[in-house]
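Take a look at the structure below.
Heavy atoms only: backbone and side chains are in, while hydrogens, waters and symmetry mates are out.
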Amino acid sequence: QELDRLRSRASEAESQLALREAELERAREDCEAASKRAIEKDRDMSELMKGISDIQRSGQEREVEANASRKAAEEKSAELESIVAKIRGENSMLEYEKCSLKESL
């Protein structure tokens, strides 16, 4: 009877051991899967940050180009306004001379 009780306890212990080993194996697999997901997430985050950095750099470059274009356009506009003012002044002078010549004739 004592032998049966010990055999029963040994069998129960073996069952518990098998159950714990299965749980341990599942925990290891879960840990490995979680590690892989974390590595993938880190890689995806790095790619995302690189993409954001590229977008920001591109935006800054476009802003610099736009500012340079605006400055060039403003300078050209000021130059053309100066030319127009000069031509108007010359035109006024020529009109005055024309009127003076008509009066003298």
Between [atom1] of [X] and [atom2] of [Y], what distance do you get to the nearest 0.5 Å?
X	Y	atom1	atom2	answer
Leu94	Leu101	CG	CG	10.5 Å
Glu75	Ser77	CD	OG	10.5 Å
Asp30	Arg37	CG	CZ	8.0 Å
Arg26	Leu24	CZ	CG	10.0 Å

In chain order, what residues pass the side chain to side chain contact (heavy atoms under 4.5 Å, CB included) check against [X], with sequence neighbours excluded?
X	result
Glu79	Lys76, Ile83
Arg70	Asn67, Glu74
Arg5	Glu2, Arg9
Asn91	Glu95

Can you check whether Tyr96's main-chain N or O pairs, donor with acceptor, with Ser100's side chain at less than 3.5 Å? yes
Keeping the roles fixed (side chain from Ser8, backbone from Asp4), state whether a donor-acceptor pair exists under 3.5 Å. no
For residues 51-63, which side-chain N or O atoms pair as donor and acceptor with protein atoms under 3.5 Å away, sequence neighbours left out?
from	atom 1	to	atom 2	distance (Å)
Asp54	OD1	Arg57	NH2	2.5
Ser58	OG	Arg62	NH1	2.7

With a 3.5 Å cut-off and sequence neighbours excluded, list the donor-acceptor pairs that the side chains of residues 11-20 form with protein atoms.
from	atom 1	to	atom 2	distance (Å)
Ser15	OG	Ser11	O	3.1
Gln16	OE1	Arg20	NH2	3.4
Arg20	NH1	Glu23	OE1	3.3

Strictly below 4.0 Å, N to O, side chains only: are Lys36 and Glu40 in salt-bridge contact? no
Is it true that atom CD of Glu32 has more than 12 heavy atoms of other residues, nucleotides or ligands lying nearer than 6.0 Å? no
